[in-house]
Enquirer: 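Take a look at this one; I'll ask things after.
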Amino acid sequence: GQNIDQPTEMTATEGAIVQINCTYQTSGFNGLFWYQQHAGEAPTFLSYNVLDGLEEKGRFSSFLSRSKGYSYLLLKELQMKDSASYLCAVRKAGTALIFGKGTTLSVSS
Amino acid sequence: DVKVTQSSRYLVKRTGEKVFLECVQDMDHENMFWYRQDPGLGLRLIYFSYDVKMKEKGDIPEGYSVSREKKERFSLILESASTNQTSMYLCASRSTGTDNSPLHFGNGTRLTVT
């Protein structure tokens with residue numbers, strides 16, 4: 001079977017740091033992706049992890065532990081424009097991505 | 001920049017109609033995908049194609065079919081639309097060049113079946 005879990009909603013304030021967790025149980029693993037989706041728009045690619053460890057990209061970082069089936073997306077120096085849904089997705093053997101249900105992040109001033 | 005274009009932003013169809021959702025990408029990507037997105041359920045894979053005339057079922061293929069006659073175009077077909085197919089449909093494409101090649105999404109088609 002396959003299961004990808006993320007919290008449904010999170011709230012934070014401008015300037016803060018927030019960590020969005022993702023746990024997965026999938027038959028096969030060939031990389032984990034994070035996407036950002038603003039309301040009414042298409043998802044856009046944020047990050048990719050296939051090896052254990054931290055990948056940093058500006059204010060955003062993503063971490064992966066394959067042995068624990070666990071990833072997180074870390075957003076620093078939060079801005080109002082970071083209010084969006086964040087989607088965790090696993091690529092199994094092959095080409096298709098399987099998505100979690102997404103985490104809606106609300107950033108307030 | 002990769003462009004994935006879905007032919008309609010909004011569609012309203014009647015129950016039992018045959019519905020075609022069209023998607024075109026301009027980056028010569030081998031792989032193309034159709035997802036639907038519903039509140040509380042997230043993105044679910046309907047069908048995908050890894051090459052012209054090739055197709056694979058995703059997690060929820062029932063009630064849908066697809067066509068890929070040309071590399072740049074991937075069509076989703078609802079043979080007989082039903083109200084439970086009211087949803088946001090997202091097309092995506094991907095290059096097979098490297099493992100970390102991401103999906104590039106179109107802007108979506110919001111389909112309402114009445």
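Within every chain, numbering begins at 1; the chains are lettered A, B, ... in the order of the sequence lines, protein sequences first and strands thereafter. None of the values given here were measured: they were computed from a predicted structure.
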Enquirer: Does the Asp26(B) side chain pair with the main chain of Lys3(B), one donor and one acceptor, at a distance under 3.5 Å?
Expert: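 At least one qualifying donor-acceptor pair exists.
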Enquirer: For Gln25(B) and Asp28(B), indicate whether the former's side chain and the latter's backbone hold a donor-acceptor pair under 3.5 Å.
Expert: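 Checked: pair present.
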Enquirer: Can you list the residues of residues 58-89 of chain A that sit under 4.5 Å from chain B, counting heavy atoms only?
Expert: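 Listed by number: Leu87(A).
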Enquirer: Does the Thr26(A) side chain pair with the main chain of Gly28(A), one donor and one acceptor, at a distance under 3.5 Å?
Expert: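 The answer is yes, because a donor-acceptor pair under 3.5 Å joins these two groups.
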Enquirer: So Cys22(A) and Asp5(A), do their side chains get closer than 4.5 Å, heavy atoms only?
Expert: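 SC-SC contact between Asp5(A) and Cys22(A) ruled out.
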Enquirer: The test is side chain to side chain donor-acceptor pair (under 3.5 Å); show your working for Ser75(B) and Glu22(B) and say whether it passes.
Expert: CA-CA 5 Å; Ser75(B) 304; Glu22(B) 306 288 348; 2.5 Å; yes
Enquirer: Can you establish whether the number of heavy atoms outside Lys57(A) located under 6.0 Å from its atom NZ is more than 12?
Expert: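 Yes, enclosed.
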Enquirer: Check whether any side-chain N or O of Trp34(B) sits under 3.5 Å from a backbone N or O of Phe74(B) as a donor-acceptor pair, and report yes or no.
Expert: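 Answer holds: yes.
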Enquirer: Ring centroid separation for Tyr35(A) and Phe105(B), is it under 6.0 angstrom?
Expert: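 Yes: the rings meet the under 6.0 Å criterion.
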Enquirer: For residues Arg94(B) and Pro102(B), determine if any side-chain heavy atom of one lies less than 4.5 Å from a side-chain heavy atom of the other.
Expert: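 Of all side-chain heavy-atom pairs linking Pro102(B) with Arg94(B), none is under 4.5 Å.
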Enquirer: Chain A heavy atoms under 4.5 Å from Leu43(B): which part of the residue, side chain, backbone, both or neither?
Expert: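 Both backbone and side chain.
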Enquirer: Select all residues of residues 106-114 of chain B having any heavy atom within less than 4.5 Å of some heavy atom of chain A, and report them by number, or 'none'.
Expert: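 Answer by number: Gly106(B), Asn107(B).
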Enquirer: Which of the residues Glu30(B), Met88(B), Arg44(B), Gln37(B) is involved in the greatest number of heavy-atom pairs with chain A at under 4.5 angstrom?
Expert: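 Top count of heavy-atom pairs under 4.5 Å with chain A: Gln37(B).
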Enquirer: What's the shortest heavy-atom distance between Thr103(A) and Pro7(A), and which atoms?
Expert: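 Minimum heavy-atom contact is OG1-O, 2.6 Å.
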Enquirer: Return yes if some donor-acceptor pair links the side-chain N/O of Glu17(B) with the main-chain N/O of Leu78(B) below 3.5 Å, else return no.
Expert: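 Between the backbone of Leu78(B) and the side chain of Glu17(B) there is no qualifying donor-acceptor contact (under 3.5 Å).
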Enquirer: Write out, in numerical order, the residues from residues 44-52 of chain A with a heavy atom short of 4.5 Å from a heavy atom in chain B.
Expert: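 Heavy-atom contacts from residues 44-52 of chain A to chain B are Phe45(A), Tyr48(A).
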Enquirer: Within a 6.0 Å radius of atom CZ on Arg9(B), are there more than 12 heavy atoms belonging to other residues, nucleotides or ligands?
Expert: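 More than 12 heavy atoms, drawn from other residues, nucleotides or ligands, come within 6.0 Å of this atom.
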Enquirer: Does any part of the side chain of Val90(A), heavy atoms only, come nearer than 4.5 Å to the side chain of Phe29(A), both counted from C-beta?
Expert: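 With C-beta onward as the side chain, the pair touches.
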Enquirer: Does any heavy atom of chain A fall under 4.5 Å from the side chain of Asp38(B), the backbone, both, or neither of them?
Expert: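 Contact with chain A is absent: no heavy atom of Asp38(B) under 4.5 Å.
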Enquirer: With a 4.5 Å cut-off on heavy-atom pairs, point out which of Gly31(A), Ala96(A), Gly102(A) contacts chain B the most.
Expert: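 Heavy-atom pair counts peak at Ala96(A).
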Enquirer: Please examine the side chains of Leu103(B) and Ser93(B), heavy atoms only from C-beta on, and report whether any two atoms are closer than 4.5 Å.
Expert: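 No, every pair of side-chain atoms sits at 4.5 Å or beyond.
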Enquirer: Any donor and acceptor pair, going by atom type alone, linking the side chain of Glu41(A) with main-chain N or O of His38(A) inside 3.5 Å?
Expert: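 Not a single qualifying donor-acceptor pair exists.
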Enquirer: What are the two closest non-hydrogen atoms of Pro43(A) and Gln37(A), and how far apart are they?
Expert: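 Where Pro43(A) meets Gln37(A) most closely, the heavy atoms are CD-NE2, 3.7 Å.
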Enquirer: Which residues, numbered in order, of residues 45-58 of chain B come under 4.5 angstrom of chain A by heavy-atom distance?
Expert: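 The stretch touches chain A at Leu45(B), Phe48(B).
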Enquirer: Can a side-chain donor-acceptor contact be found between Glu14(A) and Ser109(A) if the only test is distance below 3.5 angstrom?
Expert: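 Not at all, the side chains of Ser109(A) and Glu14(A) share no donor-acceptor pair under 3.5 Å.
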Enquirer: Taking C-beta and beyond as the side chain, do Arg73(B) and Arg68(B) meet within less than 4.5 Å on heavy atoms?
Expert: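 Arg73(B) does not reach Arg68(B) side chain to side chain.
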